[in-house]
Amino acid sequence: MSGPLIPLCLTLANGLRVRLISDPLASRAAALVQLTAGSHDEPDEWPGLAHLLEHVVFSGSKGYQEEHRLMSWAQAEGAKLNATTHATSTSWFFDSPMEKLSEGLARLVDMLAYPLLSPQAIQQEVAVIDAEYRMLASHADTQREAALAQTFVSPPALQRFHVGNRNHFGDNSVALQQALQRYHRHFFSAQNMTLWLQGPCSVERLTELAETYGSRFANNGKAPEKLTEEVRLRTDRYFRLRIQDAPRLSFAFPLHPVEQQDCQPLTLLRQLLTDEAQGSLLAVLREKGYCDNLQVSLPYYTPDAAILRIEFEVTDSDSALSAAIEAIFTVWLSSLARLDAAQLQHYRQLAGQDFTRLTPIDQLRARAFGFAPVSQSASRLAASWPHWISQLTPENMTRLWVSPEEQGTEITVQGFTLSMNTRSWAQPPSAVTSPAGVFYSAQQPIAQPFLPPQRVTLPHIQPDSGTATLLLSPVQGRLLSPRLAYAIQASLRTIVGQCKHAGGQLRFTEHQGEWLLELTASHDVMLSTLAEMLVRIAHPSASQRAQGERLFQAEQQRLKSDIAVRYLLNQLPAVLFGEDENGLPPWQATLYGGDRLLCDALSRLLSSFPAAVNPPAQLDAMPQPQQLRYLRQTAGNDAAVVLFCPLVEATADCLTAWRILAALFGPRFFQQLRVEKNLGYVVTSRFHQAAGIAGILFAIQSPETSVAAIRNHLGTFIDEVGSTVAGIKTNTLAEKSLMLRSEITPRGGVGAEQARQHWLQLRGYAPPVDETSLRALTPDMLYHYYQRLNQERQRWWWLDNGA
């Protein structure tokens with residue numbers, strides 16, 4: 001696998017910095033605009049102003065309003081978009097089919113260069129942010145991040161309120177509008193911005209797009225002078241936080257690069273920290289039962305300084321565990337200085353492989369937000385590595401222990417009330433050993449497994465075409481119980497790490513409500529990995545079983561504290577099919593790519609799988625609702641409703657019509673219920689597939705509107721949108737069909753991503769959309785299917801939280 005692509009860097013005549021990445025194998029294009037101003041740059045009298053502006057620019061601009069603005073366009077064209085406000089930067093980004101990049105970029109630039117900032121839009125977004133703030137006040141991740149800010153004395157803006165709420169924005173809409181306009185004039189200048197473009201086209205085409213649209217940003221003269229503030233820890237280095245959530249332990253370091261924007265070694269450090277192979281830091285902590293996982297993040301990042309946070313998901317609320325973890329962690333840190341050039345190069349390659357597996361928009365986010373791919377030469381990387389490691393010392397580290405059993409004094413940080421204290425913890429018990437850790441470099445010899453004589457039937461798609469990918473998942477209509485799924489995931493962790501070091505990739509994750517095991521590797525690596533995997537699944541150790549149970553419980557806790565609509569969506573597959581608690585169900589397996597010898601060897605190994613593999617198909621009809629509504633309790637007081645309208649027949653024609661109807665419904669649904677009626681802050685409609693069942697999804701979460709009222713609004717919308725469907729023109733239908741055709745057209749041959757998408761299509765109850773069904777669809781047929789959707793309401797699945 002080739003490494004990350006190197007961006008072409010340009011500066012336009014107006015001062016706009018441009019980064020272009022031509023990626024011929026990408027399935028989609030992406031754009032990102034980053035402003036070098038964020039929550040730390042807003043005026044003291046307007047806390048949350050940067051966050052508010054991030055929201056309100058989406059509401060319309062000089063050139064694009066109502067259904068033509070970026071938000072509505074994205075929903076109609078199958079594009080994904082979002083934005084985020086950080087301490088010293090703000091970014092807006094979207095992805096789309098390549099042929100739509102120009103249209104999306106025109107809207108993105110226009111909304112940032114010429115936002116309307118109308119009073120009505122401002123008040124709507126104030127209400128959204130106020131609801132978001134109230135939700136975040138009890139959000140464990142938000143509380144931990146605020147507590148981390150309290151451990152730093154500089155920059156002081158780390159502790160400042162930056163989310164915003166109705167109380168801080170006030171009732172004077174004219175003054176608020178003027179403050180937004182001043183902020184926009186002051187910072188939104190070309191020389192204060194960077195445009196990133198990535199797509200499956202030539203760099204010349206990307207350059208043309210950048211020059212055409214990037215030149216529309218005004219140059220307002222000299223860029224605002226920004227003060228560089230040193231990142232410094234408080235004198236206290238031990239902090240405790242009480243949260244009703246799973247216990248966590250965070251270590252944080254203030255870091256300073258040798259020169260500006262020389263933070264690529266942090267990506268290499270993250271790769272080392274998240275290594276799961278035998279003997280790694282994570283594997284040692286898991287084996288001892290101290291920790292189940294860790295996350296690495298950059299909660300503060302500028303060209304001059306950064307805060308690196310390493311957060312451990314610990315296994316017990318006993319704070320003595322924190323000292324034991326720190327003892328192992330500090331020894332591991334000291335061993336980083338002894339890594340040789342070959343080991344650094346190996347982990348650099350692993351980081352590059354992980355990066356190339358990201359979607360185009362996630363690649364741009366990684367480049368812009370701090371974990372950029374390592375493009376430095378090996379010699380330069382080796383030369384800068386000691387500088388970074390020298391900062392990772394206990395003397396330069398702050399510690400935060402989070403547990404529901406802690407007691408503390410209430411303080412306010414970033415607008416959130418926290419219960420904290422600064423009591424240190426005991427030294428680790430003498431029985432704790434601190435191994436230096438195992439680091440990998442050259443690939444080790446791969447042992448070939450014994451192949452049983454018996455075989456299973458293994459479908460082989462596109463043989464002799466590229467690196468092989470083996471996919472396994474429970475048979476259609478049978479869901480793996482979450483408890484068993486997490487037990488399998490825990491048992492495979494060190495194998496996942498070993499496979500990666502050998503040049504392959506093993507994943508066991510959930511897609512569209514179904515657990516999928518994906519193995520992509522060379523012939524020898526695939527066979528050895530699968531053989532080990534089969535043993536682990538059949539005979540997990542006691543430690544692995546305990547890890548799996550903790551993972552399951554932690555996920556249940558996370559789901560309960562998540563926003564209500566997300567929780568309901570997570571429950572949809574189980575509502576459709578029920579959960580199977582009777583052990584491993586039968587599984588389906590398919591091989592993509594690879595040669596016939598590999599296929600034969602895999603079919604023999606899979607005969608030892610601890611459940612039936614590829615049994616004769618016995619596909620039942622799509623399930624029908626047995627209740628008028630399915631009630632699921634959620635956290636918080638918001639009302640949440642999910643309506644799922646599955647296909648009315650399992651045909652390609654119906655699926656094609658559903659995809660087009662979803663594209664028509666999405667922008668109108670958002671415009672009417674989110675913008676005009678301001679019904680809630682989560683208002684979405686889209687095509688959705690849950691455990692193989694395709695349908696149109698409607699979801700609303702509101703702090704003020706009841707479940708009954710939301711249900712009425714949904715029914716009314718589906719009734720009234722019929723006039724839009726009835727009036728669709730042939731040319732409009734042709735445009736929507738063209739968009740759908742681009743989504744189903746494979747790119748870049750057979751690879752892991754293409755195999756997964758094909759697999760998910762085959763998992764559907766209906767045949768996939770194809771050229772025949774696209775050509776057969778007419779306006780009359782589309783209206784016919786809309787009528788069936790609306791009339792056959794007994795097929796609708798209603799989920800709500802009863803609020």
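Values below: all heavy atoms of this structure, side chains included; hydrogens, waters and symmetry mates excluded.
Every residue was checked against the ring pair (Phe, Tyr, Trp, His ring centres under 6.0 Å) condition with His162, not counting sequence neighbours, and none meets it. By the ring pair (Phe, Tyr, Trp, His ring centres under 6.0 Å) test, Phe355 pairs with no residue at all, sequence neighbours left out. Taking Phe508 as the reference, Trp515 meet the ring pair (Phe, Tyr, Trp, His ring centres under 6.0 Å) condition, with sequence neighbours excluded. Among residues two or more places apart in sequence or in another chain, the salt bridge (Lys or Arg N to Asp or Glu O under 4.0 Å) test is passed with Glu313 by none. A search for ring pair (Phe, Tyr, Trp, His ring centres under 6.0 Å) contacts involving Phe371 returns nothing, not counting sequence neighbours.
For Glu410, the CD atom counts as loosely surrounded, since its 6.0 Å shell holds 12 or fewer non-hydrogen atoms of other residues, nucleotides or ligands. Counting heavy-atom neighbours within 6.0 Å of Gln123 CD, excluding the residue itself, gives a total above 12. Annotation: Asn172, atom CG; neighbour count of heavy atoms from other residues, nucleotides and ligands within 6.0 Å is above 12. Within 6.0 Å of the CD atom in Glu510, the count of heavy atoms belonging to other residues, nucleotides or ligands exceeds 12. Enclosure of atom CG in Asn396 by more than 12 non-hydrogen atoms of other residues, nucleotides or ligands within 6.0 angstrom is indicated.
At a threshold of 4.0 Å, the pair Glu125-Arg674 counts as salt-bridged, since one of the basic side-chain nitrogens sits closer than that to a carboxylate oxygen. With respect to the salt-bridge test (charged N to carboxylate O, under 4.0 angstrom), the residues Asp245 and Arg144 qualify. Between Asp44 and Arg160 there is a salt bridge, with a side-chain nitrogen of the basic residue lying less than 4.0 Å from a carboxylate oxygen of the acidic one.
Aromatic ring centroids of Tyr133 and Phe416 lie under 6.0 Å apart. The ring of His86 has its center closer than 6.0 angstrom to the ring center of Phe369. Centroid-to-centroid, the aromatic rings of Trp385 and Tyr347 stay 6.0 Å apart or farther.
At distances below 3.5 Å, at least one donor-acceptor pair connects side-chain atoms of Gln143 with backbone N or O atoms of Ala137. Checking side-chain atoms of Arg550 against main-chain N and O of Gly289 turns up no donor-acceptor pair under 3.5 Å. The backbone N or O of Ser491 lies less than 3.5 Å from no partner atom in the side chain of Gln547, so there is not a single donor-acceptor pair. The backbone N or O of Ala277 lies less than 3.5 Å from a partner atom in the side chain of Asp275, making a donor-acceptor pair. In this structure a side-chain-to-backbone donor-acceptor pair under 3.5 Å is missing from Thr88 to Thr302. Between the Ser335 side chain and the Trp332 main chain, a donor and an acceptor come within less than 3.5 Å of each other. Distance alone, capped at 3.5 Å, is enough to place a donor-acceptor pair between the Asn421 side chain and the Gln407 backbone. With Thr267 contributing its side chain and Ala372 its backbone, the two residues share a donor-acceptor pair below 3.5 Å. For Asn801 (side chain) and Ala640 (main-chain N/O), a donor-acceptor pair under 3.5 Å exists by modelled atom type. Under the 3.5 Å distance criterion, the side-chain polar atoms of Gln556 are left unmatched by any main-chain donor or acceptor of Leu551.
Residues Gln553 and Glu549 bring a donor and an acceptor atom of their side chains to less than 3.5 Å of each other. A donor atom on one side chain and an acceptor atom on the other are not found under 3.5 Å apart for Thr398 and Arg237. Looking only at atom types and distance, the side chain of Ser154 has no donor-acceptor partner in the side chain of Glu230 under 3.5 Å away. A donor and an acceptor atom, one from each side chain of His387 and Gln391, are located under 3.5 Å apart. A donor and an acceptor atom, one from each side chain of Gln701 and Asp638, are located under 3.5 Å apart.
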Output, in order, the C-alpha distance, side-chain angles, deciding distance and verdict of side chain to side chain contact (heavy atoms under 4.5 Å, CB included) for Val296 and Leu308. CA-CA 7 Å; Val296 184; Leu308 174 71; 3.6 Å; yes
Mind running side chain to side chain contact (heavy atoms under 4.5 Å, CB included) on Leu241 and Leu400 for me, showing each step along the way? CA-CA 7 Å; Leu241 171 68; Leu400 175 65; 4.0 Å; yes
Starting from the C-alpha separation in whole Å, work towards a yes-or-no answer on side-chain hydrogen bond (donor to acceptor under 3.5 Å, both in side chains) for Arg309 and Ser250. CA-CA 7 Å; Arg309 175 173 61 178; Ser250 288; 5.0 Å; no
From CA spacing to verdict: side chain to side chain contact (heavy atoms under 4.5 Å, CB included), Val153, Leu233: CA-CA 6 Å; Val153 69; Leu233 294 170; over 6 Å; no
Using side-chain hydrogen bond (donor to acceptor under 3.5 Å, both in side chains), reason through Thr85 and Glu54 one step at a time and then give a plain yes or no. CA-CA 7 Å; Thr85 300; Glu54 172 220 304; 2.6 Å; yes
Would Arg248 and Gln295 satisfy side chain to side chain contact (heavy atoms under 4.5 Å, CB included), going step by step from the backbone distance to the final call? CA-CA 11 Å; Arg248 305 285 181 102; Gln295 286 83 39; 4.1 Å; yes
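Using a 4.5 Å heavy-atom threshold, the side chains of Leu269 and Trp388 count as separate. When side chains are defined from C-beta on, Leu249 does not count as touching Glu311, because their heavy atoms never get closer than 4.5 Å. A 4.5 Å side-chain heavy-atom check between Thr409 and Ser419 finds every atom pair outside the cut-off. No side-chain heavy atom of Glu555 sits less than 4.5 Å from a side-chain heavy atom of Pro482. Side-chain contact between Val641 and Leu799 is absent, with no heavy-atom pair separated by less than 4.5 Å. With contacts defined as side-chain heavy-atom distances shorter than 4.5 Å, the pair Leu35/Ser89 does not qualify. With a 4.5 Å cut-off on side-chain heavy atoms, Thr36 and Asp41 do not count as touching. Inter-residue side-chain proximity for Glu276 and Arg286 is flagged as met; some heavy-atom pair is nearer than 4.5 Å.
No option in Trp401, Phe251, Tyr290 other than Phe251 meets the ring pair (Phe, Tyr, Trp, His ring centres under 6.0 Å) test with Phe312.
For the atom pair CG (Leu336) and OG (Ser390), the distance works out to 11.5 Å, reported to the nearest 0.5 Å. Taking CG of Asn165 as the start and NE2 of His51 as the end, the distance is 11.5 Å to the nearest 0.5 Å. Note that CG of Leu158 and CG of Leu148 are 8.5 Å apart. Values are rounded to the nearest 0.5 Å.
Closest approach of Gly164 to Ile129, counting heavy atoms only: O-CG2, 3.3 Å. Listed here is the closest heavy atom pair of Leu392 and Leu333: O-CD1, 3.6 Å. Nearest heavy atoms, Glu42 versus Ala50: OE1-N, 2.9 Å. Smallest separation of non-hydrogen atoms from Ala83 and Trp92: CB-CD1, 3.4 Å.
Applying the salt bridge (Lys or Arg N to Asp or Glu O under 4.0 Å) test to every pair with at least one member in residues 384-406, sequence neighbours left out, gives these pairs: Arg240-Glu406, Glu326-Arg399, Glu406-Arg423.
Between Phe329 and Phe253, the ring-plane angle classifies as tilted under the 30° and 60° cut-offs.
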